[in-house]
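The basis for the numbers below is simple: all heavy atoms, side chains too, and nothing from hydrogens, waters or symmetry mates. Just so it is clear, the model here is predicted, and its values are computed rather than measured.
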Amino acid sequence: MEARRLRLCIFAESSTHSPEYQALLRAGPRIRPLQQVHARFVVSGSHSSRALLTKLLTLACAAGSIGYTHRLLFSVPNPDSFLFNSLVKASSSSGFPFDTVFFYNRMLQCRISPSSYTFTSVIKACADLSTLGLGKRVHSHVLVCGYGLDPFVQAALLTFYAKSGDLGVARKLFDKMSERTVVAWNSMISGYEQNGCSREAVGMFNRMREQCVQPDSTTFVSVLSACAQLGALGLGCWVHDYIIDNELCVNVVLGTSLINMYARCGNVGKAREVFDSMNERNVIAWTTIICAYGMHGYGNQAMELFHQMKARGPHPNNVTFVAVLSACAHSGLVQEGRKAYASMGQEYGLVPGVEHHVCLVDMLGRAGLLNEAYQFIKELNQAPAPAVWTAMLGACRMHKNFDLGVEVAEHLLAVEPDNPGHYVMLSNLYALAGRMDRVETVRKMMIRRRLKKQVGFSTIEVDQKTHLFSMGDKSHLETNEIYQYLDELMSRCREAGYVPAPDSVLHELEEEEREYALRYHSEKLAIAFGLLRTSHGTVIRIVKNLRICEDCHLAIKYMSLITDREIIVRDKLRFHRFKDGHCSCLDYW
DNA sequence: CTAGGGTTAG
């Protein structure tokens, strides 16, 4: 009788209704309040209750107070599976994957068998760490413990392999799954998308629809990212219509994906409409719309939004400043850019990183302020990263400062001897200076080191199908027609006054490619195809993986004039909108 | 006694 009363008493103290438990819930995952509650437990003696300790540890872990959590854990005699599972889960979902692995290992040392719940969290931690070796060991442990067919564990494993870059294994797992939930499909689609395989992501999405699996908003986030990468406006619009027709909730994440899709597919206006229609806008949404204006060369609109954000939006972060500074760089807003850069530390306590240094050098360099850019680099209190020197080199090339350019390029070749971009830039510099002997030397260096220039390609979407063109490409079905039309078009351009730019960028080509090269640059092929296959009022939209070359830039201006078409080209960095013989970048790019 | 899962944006 006495014993039973005592047990009831302990039960009451540690139940969810007990004042101690309520105090923990009120403290939440915040370390100061938690420590205060903990101190009261110690004083009152209730800290010996296992349930309370578990809750305290879990909250401390979620609060990010890992040292405190570890100390507490060591003070617990014979920690049980419930405690370990709670810690594994809390650390994994709060973004402390190293600790997840630590707790998991402790758990095994204590001879406590993991459950399917343990595994999902541990595998997620491995995915966050992209640690292929450890993840594979956990995977074999999963099989040994008999959880290989658990759909949650399978989905976690699939995500892990996709995030660690092993899409082949991820796909094998996916194909072997007996039931594929929408989450499994989402993992596979996002896996492809995040690894740069956007076409495969879209293909997977189409298969998902064939198999009548209902996509959800997470699916569309990944599909829209794929559209953004591909410049697939048609599919992107289809997704947007689907979202509206099916009354899917457009949360911040989905809204931001839509903004990004419209922006990267060339339609800033629609991007802005989506932004304006959103009822929640966080720092990522603001950054995305600022970035959108910046890459279209609308620096003033980008700055206007940035000022609105500062006035009544969330605090800008490091990524926001990358968007702001690159918008300034692409629009020649030097004064604004300098002010924004200074405000990072002064107003927001942010430390500029390499990407901000790059933006600033790029901005000053484009504006012709080479000395100021160089001075800025020299005054950095850390050794300048190669990317910073690369921006400086680009500026030297643009403004034909050979002496400084050669100096910078030689430094870059010494630091990054395997980056073909540096060789290409240096040889362009020599070509512009008329030093063809040096051009040849650099070319030979590249060949000796077996370095190849990145292969350029352009894509165009016609009737929701994406067509790919690369330089000198003759694989397309309508090749002859395209080439014939392009020849015709180029001679009309010449009649209108187009003079091909000197072939400063052709040094890296083999002899036989040289004669074709100018006429056959991928963007020209894609545009010719687009002009042939679409009706007169249609805008031609091209996506190119590299930066557009000077000659193509000039030629496309003429193309837009003589065909009376709007031609939008997205290159590696930004958009060029050609109309009536002019480009929206005002030749400042 | 104490809870619970995998997928998403710049």
Side-chain angles (χ1 to χ4, degrees), chain A residues 7-18 20-21 24-25 48-59 80-83 85-90 92-93 115-124 127 147 150-160 162-163 173-174 177 180-191 193-194 215-226 228 250-261 263-264 271 274-275 278 280-292 294-295 314 316-324 326 355:
Chain A
R7 260 178 49 206
L8 273 174
C9 173
I10 292 169
F11 180 86
E13 268 179 13
S14 55
S15 82
T16 49
H17 298 292
S18 75
E20 286 86 355
Y21 199 89
L24 279 174
L25 289 184
S48 55
S49 152
R50 180 55 62 96
L52 286 178
L53 256 178
T54 302
K55 191 69 189 170
L56 174 64
L57 268 152
T58 314
L59 286 170
D80 57 4
S81 77
F82 189 87
L83 178 54
N85 279 333
S86 300
L87 285 175
V88 163
K89 165 85 183 9
S92 167
S93 55
S115 69
S116 65
Y117 288 92
T118 323
F119 282 122
T120 52
S121 293
V122 175
I123 296 163
K124 181 190 179 320
Y147 292 112
D150 182 291
F152 288 92
V153 175
Q154 281 183 328
L157 281 168
L158 195 159
T159 307
F160 157 72
K163 283 203 172 150
L173 269 168
F174 180 80
M177 288 171 85
R180 297 188 194 99
T181 60
V182 61
V183 177
W185 283 97
N186 290 349
S187 294
M188 204 61 233
I189 293 171
S190 94
E193 190 275 315
Q194 307 230 325
D216 62 12
S217 64
T218 305
T219 320
F220 289 126
V221 169
S222 296
V223 174
L224 287 168
S225 290
V250 179
N251 56 22
V252 224
V253 180
L254 187 53
T256 306
S257 300
L258 281 167
I259 297 173
N260 187 45
M261 181 278 292
R264 301 194 85 93
V274 174
F275 179 76
M278 286 163 66
E280 186 199 340
R281 301 186 195 111
N282 60 16
V283 59
I284 303 180
W286 280 94
T287 303
T288 307
I289 189 71
I290 291 171
C291 178
M295 63 191 204
N317 63 19
N318 280 311
V319 188
T320 316
F321 276 99
V322 173
V324 169
S326 81
E355 57 273 63

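- Residue A/F152 and nucleotide B/dG6 are not classified as a stacked aromatic pair, given the requirement of ring centres less than 5.5 Å apart at an interplanar angle below 30°.
- Distance A/Y117 OH to B/dG5 P: 7 Å, rounded to the nearest Å.
- In this structure, CG of A/L157 is placed 11 Å from P of B/dT7, rounded to the nearest angstrom.
- In the model, A/N317 has a side-chain atom that pairs as donor or acceptor with a side-chain atom of A/T320 under 3.5 Å.
- Residue A/W185 comes nearest to A/R180 through the heavy atom pair NE1-CB, 3.6 Å, listed as atom of the first residue, atom of the second, then distance.
- The listed nucleotides are B/dT7, B/dG10, B/dG5; the one nearest the side chain of A/T120 is B/dG5.
- Using a 4.0 Å heavy-atom distance criterion, A/T288 is classed as a sugar-phosphate-only contact.
- By the salt bridge (Lys or Arg N to Asp or Glu O under 4.0 Å) test, A/K124 pairs with A/D128, sequence neighbours left out.
- Straight-line distance from the CG atom of A/N186 to the P atom of B/dG5: 17 Å, rounded to whole Å.
- Counting atom types as modelled, A/N317 pairs a side-chain N or O with a base atom of B/dG10 as donor and acceptor under 3.5 Å.
- Within the 4.0 Å cut-off from OP1 or OP2 of B/dT8, at least one side-chain nitrogen or oxygen of A/K163 is found.
- Taking atom CG on A/L258 and atom P on B/dG10, their separation rounds to 12 Å, with Å as the unit.
- Checking the phosphate oxygens (OP1, OP2) of B/dA9, a side-chain nitrogen or oxygen of A/Q194 falls inside 4.0 Å.
- The interatomic distance linking A/L173 (CG) with B/dG6 (C1') rounds to 13 Å, in whole Å.
- Rounded to whole Å, atom P of B/dA3 lies 15 Å from atom CG of A/L87.
- Rounded to an integer number of Å, the gap from CG of A/N251 to P of B/dT7 is 16 Å.
- Judged by distance alone with a 3.5 Å cut-off, a donor-acceptor contact links the side chain of A/S116 to the base of B/dG5.
- Using modelled atom types, one finds a donor on one side chain and an acceptor on the other under 3.5 Å when comparing A/S115 with A/T118.
- Take A/T58 and apply the side-chain contact (heavy atoms from CB on, under 4.5 Å) test, not counting sequence neighbours, and it matches A/T54, A/S86, A/A90.
- For A/S187, taking side-chain heavy atoms from C-beta onward, the closest of the listed nucleotides B/dA3, B/dT7, B/dA9 is B/dT7.
- Between A/I123 atom CD1 and B/dT7 atom P the separation is 10 Å, expressed in whole Å.
- Closest to the side chain of A/N85, from the set B/dG6, B/dA3, B/dA9, is B/dA3.
- No hydrogens or angles were tested; on distance alone, a donor-acceptor pair under 3.5 Å links the side chain of A/T287 to the base of B/dG10.
- Contact annotation for A/T58: no contact, since no heavy-atom pair falls under 4.0 Å across all strands.
- Judged by distance alone, with hydrogens and angles left aside, A/S121 brings no side-chain donor or acceptor close enough to the base of B/dG4 to form a pair under 3.5 Å.
- Applying the 4.0 Å criterion to OP1 and OP2 of B/dT8, one finds that A/S190 has a side-chain N or O inside that range.
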